[in-house]
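Everything below concerns the one structure shown next.
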There are 2 protein chains.
Amino acid sequence: MLQNHAINYTTARGHRYGGAAATTKDQSIRLKADETIYSEGEHALTIYHVEAGAVRIYRLTAAGQRYILSFYGKGEWFGLETGDIRTDFAEAVCETCVTPFRANHDAVAPIDLLHIALTNLAKAQHKQLVITEQSALKRVAAFVCEMADRHPGDCEFDMMISRSDIADYLGLTVETVARCFTKLREKRILCLNGKLQRIVRLLDRDALISLTI
Amino acid sequence: MLQNHAINYTTARGHRYGGAAATTKDQSIRLKADETIYSEGEHALTIYHVEAGAVRIYRLTAAGQRYILSFYGKGEWFGLETGDIRTDFAEAVCETCVTPFRANHDAVAPIDLLHIALTNLAKAQHKQLVITEQSALKRVAAFVCEMADRHPGDCEFDMMISRSDIADYLGLTVETVARCFTKLREKRILCLNGKLQRIVRLLDRDALISLTI
DNA sequence: CGAATTGTTGAATAGCGTCAATCAAGGTGG
DNA sequence: CCACCTTGATTGACGCTATTCAACAATTCG
């Protein structure tokens with residue numbers, strides 16, 4: 001059902017993106033932490049592939065509240081919109097490298113847009129469950145699981161995401177997020193290291209998973 | 001960006017769906033309230049177009065908790081999955097009529113699957129905002145707005161959805177939903193009629209919208 | 001009629017948000 | 001080098017809000 005829906009996309013050459021650094025010779029863009037990739041209201045001409053680092057996608061509510069829809073890590077695609085105008089913002093979380101692709105008939109490689117859209121849809125639906133299944137601890141546990149899934153095999157990894165980003169992603173406050181992390185430490189489920197306490201060492205993966213259910 | 005992604009789908013003929021009534025001569029299926037269209041774990045071979053009535057899509061958590069991902073009304077498409085196995089359940093909310101379509105090379109009409117996927121993605125993202133921007137009253141107000149948008153022009157319409165369904169959709173309890181509806185009545189924003197109090201008469205649409213912001 | 005379903009309301013509780021203070025790490029300027 | 005400020009994370013006290021548990025009304029169905 002998902003085959004044969006690819007259309008031809010090609011890498012964008014020599015094009016500058018939203019104030020980001022110029023493309024390198026392999027057409028990828030290097031970004032420093034918090035650099036903007038695109039903003040709400042811009043024309044949506046390109047989709048992006050994350051080569052390294054991480055990207056956050058967010059919206060601003062009428063009240064000026066930031067809400068992070070999703071994070072994208074290495075190997076994932078983002079930037080596919082319903083219309084041709086951006087409805088959200090994309091920023092690098094940390095040192096990040098992305099490759100832009102845009103519609104072109106002289107395509108280098110076909111990209112399965114439907115597959116990307118459906119993957120994003122599945123992610124969005126999963127997040128709905130996480131958020132609705134309230135209890136701050138469950139949400140934070142689910143978030144740590146999501147981060148851990150990006151590092152299969154490793155029991156220690158760097159989340160690279162601030163408490164504030166986590167809060168805006170999970171619909172909580174920074175204080176609540178911090179309290180949940182202390183609870184997870186008290187339960188001997190994980191350790192936090194690094195000066196910003198963003199390096200997670202999983203002590204009891206099973207207990208973490210059972211928290212999210 | 002959304003053009004040229006259609007693939008050929010055709011109406012499914014003479015096929016029975018998950019215990020639902022047999023297809024009529026125009027290939028559409030008539031369902032009574034609460035009838036199942038498909039269930040989790042089944043093969044996902046078809047997508048559906050709602051001709052009349054409404055459909056609810058839900059999942060069951062490990063704890064047996066029901067969570068309604070979305071409602072689909074007349075003219076909308078549902079049933080498109082990431083893989084080829086259903087990850088959720090589809091049921092008729094009330095008397096409903098849907099038309100199944102399945103992949104076929106001898107197609108009757110091309111269907112833009114990417115457009116459907118992106119529409120669903122946009123819906124899911126919007127719902128994330130509604131749920132996260134907590135405050136029970138805001139969520140209920142947003143829900144009523146969503147229902148009202150399906151009846152443009154009308155200031156009175158039948159939601160056809162139980163308090164329990166609304167609760168499972170918004171991540172609240174039935175009691176909280178009921179209390180929010182009383183608040184909306186007290187604020188003279190709407191009236192509720194019908195024996196099950198599901199018929200909404202909008203008194204102050206602007207006030208309702210301003211609540212959701 | 002009694003039983004079941006759906007919706008509403010009340011009282012008590014638990015949990016998250018708000019406000020505020022504190023700590024650690026790092027930067028800057030004298 | 002030290003004093004000062006800033007940033008990000010943590011912790012405590014308090015209030016508000018949604019949940020929980022319970023009772024009750026209205027309607028339908030057997």
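Note on naming: letters A, B, ... go to the chains in the order of the sequence lines (proteins, then strands), and numbering restarts at 1 for each one.
Within residues 159-168 of chain A, the residues that place at least one heavy atom under 4.0 Å from DNA chain D are, in residue-number order, A:S162, A:R163.
Listed by first and then second residue, the salt bridge (Lys or Arg N to Asp or Glu O under 4.0 Å) pairs involving residues 162-182 of chain B are B:R56-B:D165, B:R66-B:D165, B:R66-B:D168 (not counting sequence neighbours). Residues in residues 159-202 of chain A take part in these ring-ring contact (aromatic ring centres under 6.0 Å, His included) pairs, two or more places apart or across chains: A:F71-A:Y169, A:F143-A:Y169. Screening residues 115-137 of chain B for salt bridge (Lys or Arg N to Asp or Glu O under 4.0 Å) gives B:E133-B:K138 as the qualifying pairs, with residues at least two apart or on separate chains. Sorted by first and then second residue, the salt bridge (Lys or Arg N to Asp or Glu O under 4.0 Å) pairs involving residues 184-201 of chain B (not counting sequence neighbours) are B:E156-B:R201.
Checking the phosphate oxygens (OP1, OP2) of C:dC16, no side-chain nitrogen or oxygen of A:R139 falls inside 4.0 Å.
Listed by chain and residue number, B:R59, B:E81 satisfy the side-chain hydrogen bond (donor to acceptor under 3.5 Å, both in side chains) test with B:T87 (two or more places apart in sequence, or in another chain). Among residues two or more places apart in sequence or in another chain, the ring pair (Phe, Tyr, Trp, His ring centres under 6.0 Å) test is passed with B:H126 by none. Residues meeting the ring pair (Phe, Tyr, Trp, His ring centres under 6.0 Å) test with B:F157, sequence neighbours left out: B:H151. With sequence neighbours excluded, the residues forming a side-chain hydrogen bond (donor to acceptor under 3.5 Å, both in side chains) with B:T176 are B:T173, listed by chain and number. With sequence neighbours left out, the side chain to side chain contact (heavy atoms under 4.5 Å, CB included) criterion links A:A141 to A:L208, A:L211, A:T212.
The CG atom of B:D34 sits 13 Å away from the C1' atom of C:dT6 (whole-angstrom rounding). As a whole-Å value, the separation of B:R185 CZ from C:dG7 P is 12 Å.
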If the sugar-phosphate is the primed atoms plus P, OP1 and OP2 and the base is the rest, what is the B/S/- string for nucleotides 18-25 of chain C, using protein heavy atoms under 4.0 Å? BBB-----

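Between the side chain of B:T82 and the backbone N or O of A:L118 there is at least one donor-acceptor pair closer than 3.5 Å.
Look at A:E76 and A:R150 and you find a salt bridge, because one of the NZ, NE, NH1 or NH2 atoms lies within 4.0 Å of a carboxylate O, short of that distance.
With a cutoff of under 4.0 Å to any heavy atom of chain A, the contacted region of DNA chain D is bounded 5' to 3' by D:dG8 to D:dT19.
B:G194 comes within 4.0 angstrom of no nucleic acid atom, judged by non-hydrogen atoms across all strands.
Each of B:S135 and A:Q197 lies near DNA chain D, and the nucleotide nearest A:Q197 is the one positioned closer to the 5' end.
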